[in-house]
Each structure stands twice: as structure tokens, then as C-alpha cells.
Amino acid sequence: MLDVFKNAWKIPGLRRRIIFTVLMLVIFRFGAHIPVPYLSSEAMQAFLGAGGTDLFSLFDVFTGGAFSNATVMALGVSPYINSSIIIQLLTVAIPALERLAKEGVEGRKKLNKITRYVAVVLAFIQGAGLYVTLYNMNATDGLKAITNPGVLTFFTIVLTFTAGTAFIIWIGELITEKGLGNGVSLLIFAGIVSRIPTGIATVYNTYLSAGTSLKGVIIVAAIAVVAVLAIAFVVYFSEAERRIPVQYAKRVVGRKMYGGQSTNIPIKVAMGGVMPIIFASSIMAFPATIVRLISGGNLPSSGIWYYVLGCLSAGFCSAKWTSVVYAVLYFLLIIFFTYFYSSIQFNPIELSNNMKKSGGFIPGIRPGKPTSDFIGRVSSRLNLIGACFLGLIAILPVIVGAIFNIPSLQIGGTSLLIIEGVALETVRQIESQMTMRRYKGFLE
């Protein structure tokens, strides 16, 4: 990877793209430290520290601490991600959006425009909900979340949150157009990576701050080994795929003969990528978020709801059995959403019909329904393997935290998959840009 960046730096066009991308990421991180008027960062940190794993904690991870610091970019790209998911699901259900998706470049531009508008609306709604929650929140250690409540304060805070989200979307699109990689993905990547020093500090303060001991060194070394193995495991399974051979029959059109070549259909093991984990984590975090919204930021410390939320949030409840229930529920939800997301994204019947129209067939399988059934069976088995892989990666931080007695890990399974996916995709794009610039056409 370092050789790729070293060689890319020697090409002037790529060097300008790399510099532009880095500058945009610096601006993004600078904006993550600009405070919002009338909002207390101490109260926000106390608000986050009062609960376990909920949607607000996910906001804070994806924004690189901008949410807990009460800055203008507190909502991050979460409204844009939610908007993208909503539009993607509605594309399957609404014929008008489906037609736009099939119109090529112009149709995608219109869908992106709709997605941006929906994202701004969602940002305003989420900002308003956050304001109401902080307004109703009881003071923690004498802190008050909103210093000067009122109508003007409401619009100032909510519109600041909304403007911050719109600015982030604009930066992401600039990176996609003039920089390297997918802009929104790189912004999430930057936010997650910025939390790594905090995670290292947590491990250091837990085991080595009181003095170097053999036990502490062994535990830290074991955590480092597990982290390296997890990264290698993620990279291996993310790139794994099953290639179904396809043969095209020869056909004569005029005086030319077409077809006769062999190719394959690559089906990835982790077809859904990180989306099943995001769906599952959102569902698991939803009850705790609702309880905090209703109770003004407070969560129960005893009673039935304390154990129920402990089964839905990692590290929330002191009872060990709740962590086991959480891991099992999380794992099963990831399997469900893996199959659900795959059924939306991958259609074996449509693929089989397209192959049949082009004169293609799978050796040993008859065209038509037998081909679609065969592809469906292969996809279903790969989904099971991919779902188990995603589930293991998702619950790995819970297992490591339980073994080494770490209350919460800064880098979870979702974050690890995002970091790996964005890094590999960016390197691929740099390599493709280098190939295009080194290629000499027949006119030269």
C-alpha cells in the first residue's frame, strides 16, 4: 500500500488529487471542533457517558467525537446515510424511482439530488429531536445542556446542526469529484480513525498507567495480536468470492461471429458489506435511545428495564449473562439482515434471464429456471457464510472486552469493516488512475 502511494505521488495529477483530499479531511476535522452556540459540551459528554450502546454513541463514533464535543458537525453524515438507505429501499417499491435508477447517469444524478434533499430534512428532524432531549435532560453534576432555552436558541442550534450536515455532504461530493475515493466514506473513515488514539489511551490507562507489570504487558500484547488477526480476517473474507463459470454460445450476425468465450459471475461472500451490521446495530440501539428520549437522558439503574436494556446494549448492565444474550441477539439479527439485504440487491431470476438473452449458460445447468435456482442456492450458502463472518466480527469487541475486562472498545466490528473497505477501495482507485495515466494509446 505504501508503494502505491509513493508511486502515485510522482504523478502530478494524482498528487493534486491526494493533496486536495487531505485538505478536505483537515477542514472536516477542523469543523469537528467548532462549538455550537448555547450548547454545553460538558453536558453532552455527561449525556453520552450515562448510557451504553445507543444511536447517540454510534453518532459519536462516526463523527470522531464531534457529537460528544457539541460541535457544528455533531450529526455527521448519519442523516445522509439514512437518506441513502431510505431512497435505496424506496427504489424497489416505487416505480418512478426505479425508472430513474435505470436511466443511467442522468437518472443517478436526479436520485442523488433527492437523496441530498431528504438528508437535509432528516438532519433538521434529528437536530430538533436532540434539542428536545437535551432540553428535558436532568442536570448532571450541576451541568445544564442548553444555556439559554428559547425559540431563538432552538432554531440556532437545530439550523447549525443542519448546516453542518449539509457542509459535510458538500465536502464529500467535492472529494468524490476532485479527490480520491468516495467522499462520504472517507469522511466516516477519518472520523473513526481519529478515535484510535483514544482507544489506545483507554487500554494504556487500564493496564499500564499504574506501572509496567508482566500481566499488563501480556494482556496488551494479546489485544494487539487479536486486532491484527481481526484485520487480516476481515480483509480475507471481504475479498473472498465464488466465481460461477459462464459459457456463451457462438452465433453469426452478418459476416461476423460473436460469442464462444468463457467468463464467470463473481459472487462475494460478504455481499452485503457493512450494511447488515449497521441495520442490526440500529435495531439493537433503538430501545435504549427511545428510553433516553422519553426519560430526558436518564437510563434505569435497576429493575426489569435495566436488564432488558442490558440485553440490547453492550456493557450497559453489570450482569454477565446480559452480554451473552446481547451477543446472541446481535448475531441472529445480522444473519437476518444479511439475507434481507441480499434479497434486495441480488436477483437470481433477473440475472438468469439476462444470461439467457445473451446466449450464456452455466455448464451442466439448463437455462431458465434451473439456472436461477442454482444461482439462488449458491447465493444462499454464501450468505450464510458471510453472515457468520459479519456476526463474528461484530461480536468480537464484546468477547475481547469481556475477556480482558475492558468496559468499551473504541473500534468495533462496524468500524473495522468500514476502515478496511474504504482503505482497499481507495487503493484500488489510485491503482486504476495510475494505470490510465501510464497507458499509451495507438495514437501516441
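We use all heavy atoms of the structure for the numbers below, so side chains are in, but hydrogens, waters and symmetry mates are not.
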message = Working to the nearest 0.5 angstrom, can you tell me the gap between E106 CD and R108 CZ?
response = 10.0 Å
request  = Check whether any side-chain N or O of T71 sits under 3.5 Å from a backbone N or O of H33 as a donor-acceptor pair, and report yes or no.
outcome  = no
ask   = With a 4.5 Å limit on heavy-atom distance, are the side chains of T21 and L186 in contact?
value = yes
request  = Kindly determine whether E241 and I267 satisfy side-chain contact (heavy atoms from CB on, under 4.5 Å), including the steps that lead there.
outcome  = CA-CA 5 Å; E241 61 185 19; I267 303 179; over 6 Å; no
ask   = Under the side-chain contact (heavy atoms from CB on, under 4.5 Å) criterion, do I87 and L111 qualify, and how do the steps go?
value = CA-CA 8 Å; I87 297 300; L111 282 178; 4.2 Å; yes
inquiry  = So which atom in T165 and which in P79 form the shortest heavy-atom distance, rounded to 0.1 Å?
reply    = CG2-CG, 3.9 Å
ask   = Does some side-chain heavy atom of T115 sit less than 4.5 Å from a side-chain heavy atom of Y80?
value = yes
Heavy-atom closest contact (I334 atom, T338 atom, distance) = O-OG1, 2.6 Å
message = Looking at R15, I want to see if its CZ is surrounded by more than 12 non-hydrogen atoms of other residues, nucleotides or ligands under 6.0 Å.
response = yes
query = Should the ring pair F337 and F340 be called parallel, tilted or perpendicular, given that the plane angle runs from 0 to 90° and is split at 30 and 60?
reply = perpendicular
task = Without swapping roles, check the side chain of T160 against the backbone of T156 for a donor-acceptor pair under 3.5 Å.
result = yes
request  = Walk me through it: do K268 and L382 pass the test side-chain contact (heavy atoms from CB on, under 4.5 Å)?
outcome  = CA-CA 8 Å; K268 283 189 170 293; L382 290 178; over 6 Å; no
ask   = Parallel, tilted or perpendicular: which fits the ring planes of F124 and F154, with parallel below 30° and perpendicular above 60°?
value = perpendicular
message = Could you tell me if the side chain of V184 sits less than 4.5 Å from the side chain of N182, heavy atoms only?
response = yes
request  = Compare all side-chain heavy atoms of L180 with those of I175 and state whether any distance is below 4.5 angstrom.
outcome  = no
message = For I169 versus A119, what's the shortest heavy-atom pair and its separation?
response = CD1-CB, 3.8 Å
inquiry  = I'd like to know if the side chain of Y131 reaches the main chain of I157, judged simply by a donor and an acceptor atom lying under 3.5 Å from each other, with no hydrogens or angles considered.
reply    = no
inquiry  = Does any part of the side chain of F331, heavy atoms only, come nearer than 4.5 Å to the side chain of C388, both counted from C-beta?
reply    = yes
key: Distance (rounded to the nearest 0.5 Å) between I395 CD1 and L390 CG   = 11.5 Å
ask   = With a 4.5 Å limit on heavy-atom distance, are the side chains of R29 and S194 in contact?
value = yes
query = Which heavy atom in S83 sits nearest to a heavy atom in V118, and how many Å separate them?
reply = OG-CB, 3.3 Å
query = How far apart are the C-alpha atoms of F20 and L174, what are their side-chain angles, what is the distance that settles it, and do they pass the side-chain contact (heavy atoms from CB on, under 4.5 Å) test?
reply = CA-CA 9 Å; F20 180 82; L174 281 180; 4.1 Å; yes
query = From L75 CG over to I125 CD1, what is the distance, rounded to the nearest 0.5 angstrom?
reply = 12.0 Å
task = Would you give the length of the straight line joining atom CD1 of I171 to atom CG of L23, rounded to the nearest 0.5 angstrom?
result = 11.0 Å
remark   = Here the gap from S342 atom OG to N383 atom CG, rounded to the nearest 0.5 Å, amounts to 3.5 Å
key: Closest approach of I244 to V378 (non-hydrogen atoms, all atoms of both residues)   = CD1-CG1, 4.1 Å
task = Report yes if some heavy atom in the side chain of L351 is under 4.5 Å from a heavy atom in the side chain of I265; otherwise report no.
result = yes
ask   = To the nearest 0.5 Å, what is the distance between CE (M73) and CD1 (I27)?
value = 8.5 Å
query = Between R381 and R242, is any pair of side-chain heavy atoms under 4.5 Å apart?
reply = no
Over all atoms of both residues, closest heavy-atom pair of A70 and L39 = CB-CD2, 3.8 Å
